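Input: a single structure, listed below in structure tokens.
None of these values were measured; they are calculated from a predicted model.
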Amino acid sequence: MLALVYKSAWDVALEERPIPEIKKDNDVLVRIRATGVCGTDLGIISGKYHAVPSTILGHESAGDVVAVGSAVSSLKPGDRVVIDPTYYCGQCEMCRTGRQNHCTHKSVTETGVSADGTFTDYYVTEDRFLYKLKDHISYEEATLTEPLSCMLTGINQIHLLPNFTTVIIGAGPIGILYSYALASKGVTGCLVDISEERLAIADSIAPERWSAHATLEAAIHKLAPEKNQVDMIVDTTGVVGTEVLSQLASGGYLMLVGLRDGVSSFNPKEVVDRSLKIIGSIDSLGTFSTAHYLIEQQIIPAQKIITHSYPLDDFHEAFKTLGCNISERTLQPSSQAIKIVLQSNGSGN
Ligand SMILES: [Zn+2]
Ligand SMILES: [Zn+2]
């Protein structure tokens with residue numbers, strides 16, 4: 001099968017790899033149909049996020065069950081499934097204290113980062129990481145389950161009230177999915193982006209009663225014209241950091257989900273005195289099933305969020321559309337696309 005393999009920064013290529021085998025009784029072999037391109041993939045390719053060389057990239061995926069181990073009773077060949085790629089052992093200190101998204105084996109088990117991922121034709125995982133797809137949900141739509149699950153994990157860390165005023169910085173796929181995850185809890189807010197194109201897309205696909213704005217100030221003014229402070233700011237860009245704390249109401253939350261190196265400073269006295277909360281969140285923790293439900297019920301308009309789809313062979317073009325030009329070794333913000341999905345083309349069949 002052909003697989004998109006990470007070798008080193010800016011060096012990724014389609015390589016022939018053997019089809020993985022079922023080794024354990026609870027393993028399942030999945031024929032991959034579609035995998036979403038994630039900001040993490042762009043970070044890995046551009047050398048900003050560490051991955052293990054020689055790993056197959058890709059982790060937001062759906063496909064068909066091809067074969068099952070002898071102990072698997074809930075799935076059979078032909079079942080359409082979405083994959084939870086956040087492997088955890090269940091035995092380590094982190095897993096046994098409710099932090100499975102930080103399983104101590106992550107450095108060798110993280111799908112598409114330190115363990116072979118799904119930008120290819122076949123993938124083996126345990127049955128506990130697979131969720132059946134209803135016929136009305138396409139493989140492409142199902143690829144949004146994993147990123148949505150990460151958003152729900154972030155939100156679970158907040159004592160959220162439906163009347164929270166919320167601003168999300170960055171109207172890319174993470175920002176849009178955060179707005180829907182929050183809207184599913186009754187929260188209304190604003191998205192902020194510096195790109196006019198992204199604002200136009202966000203305006204057309206944002207949840208009902210949500211709006212898109214060019215500046216943080218405009219968004220905060222819209223939500224809280226008198227006090228000019230909001231209850232929650234979600235920064236998906238990694239650029240803003242703690243400088244926005246003064247724009248939070250007392251008791252408010254700053255949620256940081258942009259994976260980007262940087263330095264940020266804050267006044268501890270202000271955090272204490274105004275009961276502010278600064279929260280980071282990565283991967284998903286006990287929320288995949290809820291994300292699966294929200295996609296299945298079409299509460300999240302997955303079709304609108306996926307703006308482009310390419311065959312895996314065209315990965316250069318797909319990444320370029322997202323601002324990651326592999327040949328020229330440049331990574332720039334792109335306004336052309338929200339979410340892109342790569343379709344596995346069956347070269348291993
Ligand atoms: Zn991802
Ligand atoms: Zn563990």
Can you check whether V37's main-chain N or O pairs, donor with acceptor, with K339's side chain at less than 3.5 Å?
yes
Looking at side-chain heavy atoms only, is the closest gap between R33 and Q343 below 4.5 Å? no
Original post:
So, the side chain of S264 versus the backbone of T242: is there a donor-acceptor pair under 3.5 Å, distance only?
Top reply: yes
When rounded to the nearest 0.5 Å, the distance separating CD1 of I158 from NZ of K185 is 10.0 Å
**Q.** Main-chain N/O of F288 paired to S149 side chain as donor or acceptor, under 3.5 Å
**A.** yes
If only side-chain N and O atoms count, and only distance matters, is there a donor-acceptor pair under 3.5 Å linking Y139 with D64? yes
| Regarding D235 and T237, is there a side-chain donor-to-acceptor distance under 3.5 Å anywhere? | yes
| Ion pair present between K48 and D261, side-chain N to carboxylate O less than 4.0 angstrom? | no
Note to self: If you apply the rule side chain to side chain donor-acceptor pair (under 3.5 Å), what do you find for H59 with S61, and how did you get there?
What the structure shows: CA-CA 6 Å; H59 59 270; S61 45; over 6 Å; no
The reported gap from CD1 in I176 to CG in L148 (rounded to nearest 0.5 angstrom) is 13.0 Å
Show the numbers, then the answer: is there a side chain to side chain donor-acceptor pair (under 3.5 Å) between D231 and T165? CA-CA 5 Å; D231 300 307; T165 46; 3.0 Å; yes
(Q) Quiz question: by atom type and distance under 3.5 Å, do the side chains of Q157 and S281 form a donor-acceptor pair? (A) yes
Hey, does the side chain of T145 reach the backbone of A291 with a donor-acceptor pair shorter than 3.5 angstrom?
no
Discussion item. For the backbone of D11 and the side chain of S8, can you confirm whether one donor and one acceptor N or O come within less than 3.5 Å of each other?
Written reply: no
**Q.** N325 backbone acceptor or donor facing H316 side chain under 3.5 Å
**A.** no
key: pair P20-L29: side-chain heavy atoms closer than 4.5 Å   = yes
- Please confirm whether R128 makes a cation-pi placement over Y87, using NZ or CZ under 6.0 Å from the six-membered ring centre and within 45° of the ring normal. yes
### Message
If you apply the rule side chain to side chain donor-acceptor pair (under 3.5 Å), what do you find for Y123 with T111, and how did you get there?
### Response
CA-CA 10 Å; Y123 174 79; T111 305; 3.0 Å; yes
In plain terms, say whether E21 and K23 are close enough for a salt bridge, that is, a side-chain N and a carboxylate O under 4.0 Å apart.
no
If you measure from the Lys or Arg side-chain nitrogens to the Asp or Glu carboxylate oxygens, is any gap between E15 and K7 under 4.0 Å?
yes
Judged by atom type as modelled, is there a donor-acceptor pair below 3.5 Å linking the side chain of D79 to the main-chain atoms of K76?
-> yes
Distance col, row C95:SG vs N101:CG, nearest 0.5 angstrom, shows 9.0 Å
Walk me through whether T125 and L130 qualify under side-chain contact (heavy atoms from CB on, under 4.5 Å). CA-CA 8 Å; T125 187; L130 296 172; 3.7 Å; yes
Next on the checklist: Does the plane of the ring in F315 sit parallel, tilted or perpendicular to the ring in F319? Use 30° and 60° as the thresholds.
Outcome noted: perpendicular
Could you tell me whether I194 atom CD1 has more than 12 heavy atoms of other residues or ligands within 6.0 Å of it? no
Checking the side chain of D27 only, and the main-chain atoms of K24 only, is there a donor and an acceptor separated by less than 3.5 Å?
yes
Checklist line | salt_bridge(D283, K106) N-O dist < 4.0 Å | finding: yes
S284 backbone acceptor or donor facing T287 side chain under 3.5 Å: no
| Is it the case that more than 12 heavy atoms not belonging to K320 sit under 6.0 Å from its NZ atom? | no
Discussion item. With a sphere of 6.0 Å drawn around NE2 of H159, does it hold more than 12 non-hydrogen atoms of other residues, nucleotides or ligands?
Written reply: no
Practice item. Measure from the side-chain N and O atoms of S114 to the backbone N and O of V52, and report whether any donor-acceptor pair falls under 3.5 Å. Key: no
| said: Check the orientation of Y253 and F164. Use parallel for under 30°, tilted for 30 to 60°, and perpendicular for over 60°. | reply: tilted
Between Q303 and E140, a side-chain donor and acceptor under 3.5 Å: no
